[in-house]
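A quick write-up on the structure given underneath.
Lettering follows sequence order; numbering is per chain, from 1.
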Amino acid sequence: MSRTRVSTAAEAVADVSDGATVLVGGFGMAGMPVALIDALIEQGAKDLTIVSNNAGNGDTGLAALLAAGRVRKVICSFPRQSDSWVFDGLYRAGKIELEVVPQGNLAERMRAAGAGIGAFYSPTGVGTLLAEGKETRTIDGRDYLLEFPIHGDVALIGAHTGDRAGNLVYRKTARNFGPVMAAAATTTIAQVRSIVDAGALDPEAVVTPGIYVEHLVEVAA
Amino acid sequence: MSRTRVSTAAEAVADVSDGATVLVGGFGMAGMPVALIDALIEQGAKDLTIVSNNAGNGDTGLAALLAAGRVRKVICSFPRQSDSWVFDGLYRAGKIELEVVPQGNLAERMRAAGAGIGAFYSPTGVGTLLAEGKETRTIDGRDYLLEFPIHGDVALIGAHTGDRAGNLVYRKTARNFGPVMAAAATTTIAQVRSIVDAGALDPEAVVTPGIYVEHLVEVAA
Amino acid sequence: MSLDRDGMARVIARDIPDGAYVNLGIGQPTRVADHLDLTKVVLHTENGMLGMGPLATGDHVDPDLTNAGKQPVTELPGAAYFHHADSFAMMRGGHLDICIMGAFQVSAGGDLANWHTGAPDAIPAVGGAMDLATGARDVFVMMTLFAKDGSAKLVPECTYPLTGLACVSRVYTDLATFHLTPDGVVVTETFGIEFDELAKRLDIEITRPR
Amino acid sequence: MSLDRDGMARVIARDIPDGAYVNLGIGQPTRVADHLDLTKVVLHTENGMLGMGPLATGDHVDPDLTNAGKQPVTELPGAAYFHHADSFAMMRGGHLDICIMGAFQVSAGGDLANWHTGAPDAIPAVGGAMDLATGARDVFVMMTLFAKDGSAKLVPECTYPLTGLACVSRVYTDLATFHLTPDGVVVTETFGIEFDELAKRLDIEITRPR
């Protein structure tokens, strides 16, 4: 009943172009769509801008994409972690650009992209280094920064179960950025643990409606 | 485990003060918290500003509150309906103020209030009578209007089931404005059909977390 | 023969591709659903649902499940519910393929007037019309081509208060179907009227498809 | 005796009222949970949950269920999950009563510095610190009062890059608890140090409770 297709990881990422902005779900490894990132490495698109909460952990997933030299810029809230050696090395060598965005502004900027909001005023970051170059405005006596949407050409997200109408449910805190990124990207690819028939998910409990999902890729847990 | 209290309708609305802004859930009668509105009529607060999608249907619920002369101003998207004779009469007699807001801007302005957003740019209404007096801005070649949050002192909403932690689930399209208003008001009062123990609702399916709910009022369907 | 309301609904339904996400405005546009295969086209209703089914009757009437016109409706497999801010985010964010609305007037440039007659004593009520006009990728208008007083409703410039600017892409009427394109207004089909007669009765320039 | 980390966590837990919604920052603040009655205080974690329970061990470890520090945690009855935009809307909208964070420096006026040392070769990483500092109704800082080099961390003005302006309401340290009020910095209790000695070692003015 929808346009959502069931695809292999390779089919789903086939059209990602050089220079694309790719939103990558996950908070650390929870919700990280590793199989989709592996397929993107295989596919070969380069000069990518990656938007994700972190900048890769260990040597797999997002870290592997960075290590393969495919990423021009990372927009994230928290690149530096105990196991972010791949990013750290590239950054110190001047081989990757970094835009640090407070986590809530990052989420809200993607939410704005999905929701057709042109820009919004956030109180987060006022008076800090991250306010540099941003417009400020005082509203009802409080200071705000003007923040713009972050659109993705593609979103790679991890979810728990998808139905054939493209509806997604997540599991526990692995939900994190998935629903926001699904709405913010032109093409959304969801890695799910299982695919069920339309009607098998409770319509009250659907988190991401199928309208936001172009490809479902089943990857056993 | 939370501050949410199980109250009678009268207890829940006891503190609503004259001049308060009251957000009233429902889309037509679906999700309309009739028992709470009846309690508010009984309680007697006046000079109220009501924010709701409509301006009352028939002679009960919101229409009864208007008929009782307690409402100074209505902010809504669609006052004029086949059965909105109470509002129509007051409006034509110059006894009530009206602010018409496009439905999506109405929802988003309340969402902004709950989310701590100072203001946002919406494309809806550009070039129309409802753009009068609003700031405009062109972003990436598209025109937007600057829209400000709508906070409520109190929200009266209808939900399906609440648990003792204050979590709410809704039923079908009766969900409508409930979750948005719950977050946008200082005090939220939810009329529910049943109250269950904490742990009885699926945490994945909770729509309004208990943090947004001060009072649960059980009213059998 | 000119089309009756049901005929107009059928023509619109024919032009909605499989896989489309569609919002049907209050009133006449809801009739379009009768001619759609709802296993292939997904209906959105702005009061918080995707996968809306046909109108409910008898025991299927549920006061918690209505369309935007507050009529009882049904739920199809694969449906999803969401709240009003999420529903209009979906609309405003450009995720709906098509919305279908009635109109008082449409201009040749695609301006839409369908919320207010401009009468000084009218009570203004906009609902979701401006959000839909601005948000849907394509706005199809369904209306009779001429008002009861004989005046054309497809006009050089709207005289009624606007709902949205340059938002309408097609106008489906009882007498003809119009595509509003960057190159002008193209009549793709007529019903019971000749093109030349149509051109004579309208104050806008119309062309035949190339 | 000055407090160890566990002692500081206990003092903070004592001051959190029943019914509060609380976010515990990454690192030391997570220890506060050990001293809270989680049937009465509700923990928020910014990666999308209310009703977070203690750290998970053994068979209870679930990679899909972590706190903001990416440690495995548990779920309590009455929990709810939500996505990141909703989670930070909750925070930014002022719905959380208290957040507890570590700090490099806090100023007497409540400015917070805890995300960046200012070192030119440091990789900046802010996470949710600025959102929490701005959004929670009360920001409690948990830190040792003096750095390893002996310099005070409660200062007239922060020299490190700021996380938020005038956002900290209380500073819990190993040597004393400070309430940052409109009337100045009030020392509400000391641990193994006299008030006068404390006053001598700090560059800010402190007062005893009235």
Shortest non-hydrogen contact from [X] to [Y]?
X        : Y        : answer
B:Asn167 : D:Ala80  : OD1-CB, 3.9 Å
D:Ala79  : B:Val206 : O-CG2, 4.2 Å
B:Pro209 : D:Phe82  : CG-CD2, 3.9 Å

Problem set entry | Check against side-chain contact (heavy atoms from CB on, under 4.5 Å), D:Leu50 and B:Ile211 | CA-CA 8 Å; D:Leu50 277 170; B:Ile211 192 170; 3.7 Å; yes
With a 6.0 Å cut-off (strictly less than), is the heavy-atom count around [atom1] of [X], excluding the residue itself, greater than 12?
X        : atom1 : result
D:Glu157 : CD    : no
D:Asp4   : CG    : yes
B:Lys134 : NZ    : yes
B:Arg193 : CZ    : yes
D:Asp203 : CG    : no
D:Asp59  : CG    : no
D:Arg10  : CZ    : yes
B:Glu42  : CD    : no

Exercise. Within residues 115-128 of chain B, which positions have a heavy-atom distance to chain D below 4.5 Å?
Worked result: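 Answer by number: B:Ala115, B:Gly116, B:Ile117.
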For this session: Starting at NZ of D:Lys40, measure out to CZ of B:Arg3 and round the result to the nearest 0.5 Å.
Result: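 Output value for this atom pair is 15.5 Å.
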Exercise. Can you pull out the residues in residues 85-110 of chain D with any heavy atom less than 4.5 Å from chain B?
Worked result: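 Near chain B, by residue number: D:Ala85, D:Asp86, D:Ala89, D:Met90, D:Arg92, D:Gly93, D:His95, D:Leu96, D:Asp97.
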